[in-house]
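Before any comments, here is the structure.
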Amino acid sequence: MLYSEKVMDHFRNPRNVGEIENADGIGEVGNAKCGDIMRMYIKVDDGKITDAKFMTFGCGSAIATSSIATEMIIGQPVEKALELTNKAVVEALGGLPAHKIHCSVLAEQAVKAAVKDYFDKNSIDYDKEKYCSNGAECPCHHTESEE
């Protein structure tokens, strides 16, 4: 089987799909090569993520990684959400085919972009190095002109 049962479950029954009205942070990332676009919404209360939702246009792996990522960050302190890695997402899903690993990278980047948006909206200083390992190429390094 190409996909684990957990991947199939999160694809068939994705958790936390939708938008959060008046979200405290919104992150959108995309990969033009594969066409996957992820938008992550977070609600923060007392420094903890109390809700997370996503809207993903993409393949089953993109939907599954978005779904599991929301489950992994709800209830976590905002700073802890920055530690979410694509590797942790893949492990939580019981693995992904090599050609679908990029979906887990997008899920990580969408979470980090939503947290960055929350920090920016609330004038909270943050360590920009925590956002991406591949520097300026990272989709969560949007400039105002790209929006």
Side-chain angles (χ1 to χ4, degrees), residues 4 6-96 100-147:
S4 71
K6 197 145 187 189
V7 170
M8 294 307 294
D9 180 40
H10 276 271
F11 166 62
R12 290 187 183 117
N13 308 293
R15 281 63 146 185
N16 307 307
V17 176
E19 299 177 33
I20 296 176
E21 210 170 301
N22 302 317
D24 294 313
I26 302 171
E28 184 172 314
V29 295
N31 183 326
K33 280 186 221 161
C34 67
D36 295 326
I37 307 285
M38 288 181 190
R39 181 176 283 174
M40 189 76 59
Y41 301 83
I42 59 171
K43 198 76 175 157
V44 180
D45 207 8
D46 261 352
K48 272 195 173 171
I49 296 175
T50 56
D51 196 10
K53 295 204 181 302
F54 74 93
M55 297 291 290
T56 293
F57 176 82
C59 65
S61 295
I63 291 165
T65 57
S66 300
S67 175
I68 196 101
T70 60
E71 286 193 329
M72 294 171 80
I73 64 170
I74 291 174
Q76 296 294 323
V78 179
E79 285 290 328
K80 185 91 173 141
L82 289 181
E83 297 171 17
L84 180 72
T85 64
N86 75 295
K87 187 175 184 227
V89 169
V90 171
E91 286 172 5
L93 285 170
L96 280 174
K100 292 297 181 178
I101 296 295
H102 68 273
C103 295
S104 65
V105 172
L106 284 177
E108 173 190 338
Q109 291 171 343
V111 167
K112 289 180 177 179
V115 170
K116 178 187 175 299
D117 184 50
Y118 166 73
F119 285 160
D120 289 344
K121 285 178 178 173
N122 291 281
S123 302
I124 299 169
D125 280 336
Y126 57 90
D127 180 358
K128 290 169 181 55
E129 294 299 309
K130 284 187 178 181
Y131 283 90
C132 290
S133 55
N134 60 345
E137 294 172 19
C138 175
C140 59
H141 286 284
H142 292 297
T143 62
E144 292 300 316
S145 63
E146 291 175 326
E147 299 287 320

Applying side chain to side chain donor-acceptor pair (under 3.5 Å), name anything that partners T65, two or more places apart in sequence or on another chain.
none
To check you understand the geometry: which heavy-atom pair defines the closest contact between V7 and G95, and what is its length?
CG2-O, 3.6 Å
Report, one line per pair, each donor and acceptor closer than 3.5 Å where one atom sits in a side chain of residues 44-54; sequence neighbours left out.
from	atom 1	to	atom 2	distance (Å)
T50	OG1	K43	O	3.3

Partner set under side chain to side chain donor-acceptor pair (under 3.5 Å) for D120, not counting sequence neighbours
K116, Y126
Results of side-chain contact (heavy atoms from CB on, under 4.5 Å) for V90 - residues two or more places apart only
L96, I101, S104
List for me each residue that meets salt bridge (charged side-chain N to carboxylate O under 4.0 Å, His left out) alongside K6, sequence neighbours excluded, and say none if there are none.
none
Taking only residues two or more places apart in sequence, or in another chain, which ones meet E19 in a salt bridge (charged side-chain N to carboxylate O under 4.0 Å, His left out)?
none
Quick check: do I20 and I42 have side-chain heavy atoms less than 4.5 Å from each other?
no
Partners of N13 by side chain to side chain donor-acceptor pair (under 3.5 Å), sequence neighbours excluded?
D9
Using side chain to side chain contact (heavy atoms under 4.5 Å, CB included), reason through S67 and V17 one step at a time and then give a plain yes or no.
CA-CA 7 Å; S67 175; V17 176; over 6 Å; no
So D36 and H102, side chain to side chain contact (heavy atoms under 4.5 Å, CB included) or not? Walk me through it.
CA-CA 10 Å; D36 295 326; H102 68 273; 3.5 Å; yes
D117 meets the salt bridge (charged side-chain N to carboxylate O under 4.0 Å, His left out) criterion, sequence neighbours left out, with K121
If the test is side chain to side chain contact (heavy atoms under 4.5 Å, CB included), which one of M38, M40, M72, E83 qualifies with V111?
M40
Which heavy-atom pair separates C59 from K100 by the least distance, and what is that distance?
SG-NZ, 3.4 Å
Give me the atom names and distance for the closest heavy-atom approach of A62 to T56.
CB-CG2, 3.8 Å
Which residue pairs satisfy the salt bridge (Lys or Arg N to Asp or Glu O under 4.0 Å) criterion with at least one member in residues 57-74, sequence neighbours excluded?
R15-E71
All heavy atoms of Y41 vs all of A23, minimum pair found to be CD2-CB, 4.0 Å
Calculate, to the nearest 0.5 Å, the distance between atoms CZ and NZ belonging to F119 and K112 respectively.
12.0 Å
Checking side chain to side chain contact (heavy atoms under 4.5 Å, CB included) for the pair R39/F57: CA distance, chi angles, key distance, verdict?
CA-CA 9 Å; R39 181 176 283 174; F57 176 82; over 6 Å; no
If I take atom OG1 from residue T85 and atom CD from residue E91, how far apart are they, to the nearest 0.5 angstrom?
7.0 Å
Looking only at non-hydrogen atoms, find the nearest pair between S66 and A107 and report the distance.
N-CB, 4.3 Å
Run the side chain to side chain donor-acceptor pair (under 3.5 Å) test against N16 and tell me which residues pass, sequence neighbours left out.
T70
Give me the atom names and distance for the closest heavy-atom approach of A81 to V115.
CB-CG2, 4.1 Å
